[in-house]
Structure formats: C-alpha cells, structure tokens
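The basis for the numbers below is simple: all heavy atoms, side chains too, and nothing from hydrogens, waters or symmetry mates. Positions are given from 1 along the sequence.
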Amino acid sequence: MAGLVDEIERWCRGTGPVGVAAVTGLGGTGKSRMVIELLDRLSTPLQHGRPWSGGFLAETPAHTDYGLLGSARYPLLIAVDLAETRRAQVRDVVQALAEQHDGERVRLLLLAHTASDWWPSLRRELRREQAGPVSETFHVALGDALGRQTPEDIYVDAKVAFARRIRLLQQAGLGDDKWQETVVADAPRHYGASIEHASDQPVIYHHIAALADVLACANPDFARKDHPMEVLLANEENYLRRIAAAHLPHGTVDDKLIRTLVTSQFLAGARTASEGARAVRVAFDVHHHSYGATAAPDPSRLAALNDVLAAAYPATDGAHWGAIGTPLATALLTEVETDSGNEFVESFLQHDALEHSQRRQTLRVIAHTAQEAPELAAGAHRAVAAEPEMLLPLAAKAAAGLESEQAHRWLTGVKEAVTEQARRPDADPDTYQWAANFVAQTAMWPVSEPVGLYGYEEFIDSLLAEDAADNGDSDDDVGDDSGDADRPPSALTFLRPQVGWPTRILVTLMSLCHLILVAGVTSSAVHSSDLKQGGWSVWLFVALLLSGHVAMAAMYGSIQMNRANMITWVGPPFIVGLTTLLALTADLPLPGPWPPWVLWPVVFGGGLYSLIFAWRIWFGQLRTSGAPLPPGSTH
C-alpha cells in the first residue's frame, strides 16, 4: 500500500493548521494497519521540520478538552476508527480546534467502511466550522493490502508469523495447556485449502484462515469446526475459561454465564466502575431470566465476575474495561441470542439497572451488527416496542451513521414492531399513537443527510421537543431522564448559518433580482390584453405574488419544517406555477431554444431557492432552545 500511504503522507504535510480526510474500505482491508505505517513514516524527522506525533482517538476519552490538541508543539495525526458511528465526537474535536488553535498542524483521518452516506453531510457541517480542507477521500480497495503478493503468499506469511508469536507466548508461560500438539508454521491446510482462489477477499480473510489452521493443528478438537471463525471463537472461549478459573472459586466457572458476560461487555461498555457493575448485574440477571425470579446474587461473586471481564479485555482508552473484537463479538452474541430462545437482547435492553448511556450504546451496536446478523435486530425491535417512551428515541438515533439501505431496514423493523405491539389489548392507545407518529416522521427523513441546517440526530431532538411542548411538559420534566439530553426544552431561538460576506452579498443580490423579475413579469401580464380589462384590481396580482414569494422564504427560512404538513410540499410548486402562468400570459420574448413553459419554472424555482437561503442567512431559522446547536450556527 506504499502508493496510498505516499498520497496520504503528502496530504498530511500540506499547508493549513487543520485538515480532515476520510479513508474508506471494507473491514479487514488494512485501514488501521496503514495508519500505523503512516505514523511510522511521519515520526521520522526530516531535514527541515519536526517529527509527527499521533494515534487513534479513544471512543471514551478520560476527558474531552479537545482544545489541547490545538496547542501541540509537534504536528499531530489523529485517526478516528469507525468514524461513521462517531460523527458527534468528530464534530466536537473539529469545533475545539477551530476555536482555539495556536500550535502545529493537526490532521484528522476518519476511517470508515464507506463514504457514500455520512461523509458528504459531515463535510458540509465541518466546513461551517471553518475546519479547513475537508474534501479529501482516500479509498482502500480489497486487493490494495496484497500489493504484489498473491493470497497464497499472504496465507503462508501469516502462518509463520502466528506460529512464532504463539511460541513466544508459550515460552512466557501463557500457553494453553489443552493443546495436544506443538504450534508449527507448516500446519496442515484445512481452512486455507483453496486460498489461491480467494483473490477477491480482504487480507483479514487469509489471516483468519491461517490462524485457524495453526490453532486446529495444536488442538485437534478445533479441527471439527466447520468455519475458521468458529475455531477462533472456540480458542477465545478457552482463553476466557482460563481467566475465569484464575479469578473464581474452583468448580464455579459457568461457561455459558461467562459468554453472556462478555457479550454484555461488548454491548453496553463501561466508562466507569459503576457502569461496569451495572453491566455485570444485568448480564447475570438476564442469563438466569428463564429460571424465573431468583435471589439477589452475592456482591462478592459479581465483583469477581467483573474482575474476569477486566482481566480478559483490559481497557486501553481510560474506560473501566475494553471489549472483545467486533467479528468475534458478533458471532458470540448470535450464539447467546440463539441459546436464550431469542430473548437475550430484548431482556437486556429492558433491565432496570442498565444506564441510559448503556442502552444507547447497546442499540447503536446492534443496529450496526444487524447487517451481518439480522436476527439480532428482532430482539432489539421488540424491546423498543415494549418500552417506546424509554427506547424509541434511542433506537431512532441508532440509525445515524448507517448506510441508507441499512437505516431504512432498521427503522422499518422498529415500525413493524411498534405496530404489532399496539395491537395487543393491554397496549396504551395514547402511547402507541405517539410512537406510531414518531416512527412515521422519522422514517420520512434521510438519516444519512442533514435535515435543512441540521443533522439527523438534531432532527430527532426537535421531534422530542415538539412532543414535550404539545404535552405541556415543563423544562424540568423534559430534561429529567437520568441525565439524558434527548428531550430539550420547548422555547425557541433563532439560528443562522455562518457564511462569508461574498456569499452573503451574492445570494442577496440574486434574491433581489428574483423579486424584481417577479414584479416585472407580473406587471407585464397585467398590461396584457387578457387582464387589463379587469381594472385596477388586477394590480393586486403584483402585490399578492411578491407577498407569496416572500412568505415562502419566511416559512422555509424561519421555521423548522414538518414534512408531514401538506403546505410544505404544495406551497413552493404552487407559487412557482402561478408565477409561470402569469409569465406565459405576458408572452415575453425569451432568448435560447427552450420553450417558455420549460425556462420560466427553472428561473423562478432557482430564484425562490436563493430567496429562501437569503432569508435564512439574514434572519435565521427557529430552533428549539436547549437542543444541540448545528455546527457553525449562531444565536
């Protein structure tokens, strides 16, 4: 990948204090590994210039004073993995850097699976933050990490590397005593038997096959597995069993409970020890859910289980613990959900002890893993339908960052589950009427694109604020949800997008020219033979038509529109159509080959759009007070 690394390195060393770029590619194509190679190059001092520092931005940093990054004395490269799911954090970092930057260059490299949905909208938001260049997009194709090597070369090299590293672990006393054979680099091919025909697979596919063959040679029990990922999962469970045996009393290790705990660790996460304790308690209760009511577990036992998770997957970013990797976690979660009769996810989300932030994290994780394991989404949807007031807003926000098709599938599943739950005789009509309306409004908006000036999550906040206002909730009631800020107060403020003066002047001139054109065309129509017999009253057409255009600009520029309202769709076409009809009546000579009935709607439609935008940049748009402000907006 030397060519791609060269290209990104040139971008990093470019001018400008702050820069943001995206690196896209499917999972396992080598994006994260490429960042390490890039940092290795940048950290080598040149003849002129300081060496770079950098690393991966933690998802749960110890503090969020991102402004400190702007005072670094050395150039800084920050990589954000799974950036499509961390847009809010990226916005916070860029906003802090835009507000206070007095140090060396800072470059943000956003790693994501695709740029088709989230990146264009995020770029627009970051440009409003005056973030500097945000247009670069680098793509890692499936075969880029192969270079000039064949899949066979990659597979053989991986087997040698895995065998050597495992032997080093064994020499350090960390080996698995259940292995019957020595780890060897020339292990028989089972999962890599047809690797030479897998050139269209990412590099990680060849690595998984190589590691599975090495492990299956050392432990023949693994060779009975049908898929290489099952071999890795079986090895992971052996590892967890050894960790649990070291922290729990002899004979008390429950393999299925440990699997449930690791799955809960992956779903909910834990930034603090308190959240870790809650996740362990929820996992314990849900694991025994099918046995009915049980006595409260011994606190010392829960603490020991907590220690098992912290020892098995220690945190690297200041959180209470880490988590198992996504591919293995998805496979493990699927097994746990199946073993529970497809009730684990549903019970987990509804447990009273779970923190609000952990429910939000769980729904986000399931929404993003449902592409590979669709059966996981069903349990989440049932939980949302059973507790719509608590979970529905979080489920809607979980669609942010998904590709359009995935988001549509997720929201459709939520809608179907809510509809099904509403048919139950014990369902509260008012609650499920609200839920049905909320889901319908949410599904109408493209989650991958900004809604007007705002992003999708801000749109969800505005819906909640409208509901709170309609219900007459006080500010205290609206904000009281275990520290949740998803339901802001209902007071309104004005927001205006920040644009440069050249743009402001140009748009304003275009808007004035549009109004002058409308007035001129209408006056010409009034003087035509068809209308002049109507007397002085026909001059009202001029005032009414100008008022209609200004009214459309004021409505769209000053009010956060509800797309379910008919006037939202009918208003602009009606005004443009009426103006076009009067222009045709005037029968004015027009240049070019286009017929008048084609040209006039384009001219008047573009003019009305410029008028709406001019109104917005001068007067602002109504916004719910207390809701998250769109990036780059001012009161």
Sub-3.5 Å donor-acceptor pair from the side chain of Arg73 to the main-chain atoms of Ser71, do we have one? yes
Could you state the interatomic distance from CH2 (Trp52) to CD (Glu104), rounded to the nearest 0.5 Å? 8.0 Å
Judged by atom type as modelled, is there a donor-acceptor pair below 3.5 Å linking the side chain of Arg242 to the main-chain atoms of Asp176? no
Side chains of Asp339 and Arg259, heavy atoms from C-beta outward: is any pair under 4.5 Å? yes
If we only count heavy atoms from C-beta on, is the Phe438 to Val418 side-chain gap below 4.5 Å? no
To the nearest 0.5 Å, tell me how far Phe348 CZ sits from Thr260 OG1. 10.0 Å
Taking the side chain as every heavy atom from C-beta outward, state whether His368 and Leu82 have any atom pair closer than 4.5 Å. no
Measure from the side-chain N and O atoms of Lys31 to the backbone N and O of Val23, and report whether any donor-acceptor pair falls under 3.5 Å. no
Arg241 side, atom CZ; Ile243 side, atom CD1 - distance, nearest 0.5 Å: 12.5 Å
CG (Asp307) and CG (Leu302) are apart, to the nearest 0.5 Å, by 11.0 Å
Considering all heavy atoms of both residues, which atom of Ala380 and which atom of Ile366 are nearest to each other, and what is their separation? CB-CG2, 4.0 Å
Could you report the tightest heavy-atom contact between Ala279 and Ser264, atom names first, then the distance? O-CB, 4.3 Å
Check whether Glu375 reaches the backbone of Thr334 with its side chain - one donor and one acceptor, N or O, closer than 3.5 Å. no
Report yes if the side chains of Asp40 and Ile36 come closer than 4.5 Å at any heavy-atom pair, otherwise no. no
Residues Thr272, Glu355; criterion side-chain contact (heavy atoms from CB on, under 4.5 Å); working and verdict: CA-CA 11 Å; Thr272 64; Glu355 289 275 6; over 6 Å; no
Give every donor-acceptor pair under 3.5 Å between a side-chain atom in residues 319-328 and any protein atom, sequence neighbours left out.
| from | atom 1 | to | atom 2 | distance (Å) |
| --- | --- | --- | --- | --- |
| His320 | NE2 | Asn306 | OD1 | 3.0 |

Within a strict 4.5 Å, meaning less than it, do heavy atoms of the Met1 and Glu37 side chains meet? no
Is the number of heavy atoms from other residues, nucleotides or ligands under 6.0 Å of Tyr239 OH greater than 12? yes
Evaluation steps, side-chain contact (heavy atoms from CB on, under 4.5 Å), between Lys397 and Arg364: CA-CA 8 Å; Lys397 286 188 174 184; Arg364 185 183 69 84; over 6 Å; no
Can we say Asp6 and Arg10 salt-bridge, meaning some charged N sits less than 4.0 Å from an Asp/Glu carboxylate O? no
Ignoring hydrogens and angles, tell me if any N or O in the side chain of Ser347 forms a donor-acceptor pair with the backbone of Phe344 under 3.5 Å. no
Does a side chain donor of either Gln406 or Arg409 reach within less than 3.5 Å of an acceptor in the other side chain? no
Keeping Arg123 on the side-chain end and Val20 on the backbone end, is there a donor-acceptor pair under 3.5 Å? no
Looking at His287 and Asp254, what are the two nearest heavy atoms and their distance? NE2-OD2, 3.8 Å
Check: Leu248 and Leu305 side chains under 4.5 Å, non-hydrogen atoms: yes
Minimum heavy-atom separation for Cys12 to Leu38, with atom names? SG-CD2, 4.3 Å
So Arg33 and Val203, side-chain contact (heavy atoms from CB on, under 4.5 Å) or not? Walk me through it. CA-CA 11 Å; Arg33 180 65 184 83; Val203 169; over 6 Å; no
Taking all atoms of both residues into account, what is the closest heavy-atom pair of Ala377 and Ala370, and its distance? CB-CB, 3.9 Å
State whether the side chain of Glu275 and the backbone N or O of Arg271 hold a donor-acceptor pair below 3.5 Å, judged by distance alone. yes
Value for CG (Asp81) from OG (Ser32), rounded to nearest 0.5 Å, stands at 4.0 Å
Considering all heavy atoms of both residues, which atom of Gln361 and which atom of Ala268 are nearest to each other, and what is their separation? CG-O, 3.5 Å
Would you indicate whether the side-chain heavy atoms of Gln350 and Met390 approach each other to under 4.5 Å? no
Determine, stepwise, if the pair Leu394 / Thr362 fulfils side-chain contact (heavy atoms from CB on, under 4.5 Å). CA-CA 10 Å; Leu394 303 182; Thr362 299; over 6 Å; no
Look only at the side chain of Trp410 and the backbone of Ala395, and say whether a donor-acceptor pair between them is shorter than 3.5 Å. yes
Separation of Leu76 CG from Leu108 CG (nearest 0.5 Å): 8.5 Å
Is the shortest heavy-atom distance from the side chain of Lys415 to the side chain of Thr412 under 4.5 Å? no
Just checking Arg278: does its CZ atom have more than 12 heavy atoms from other residues, nucleotides or ligands closer to it than 6.0 angstrom? yes
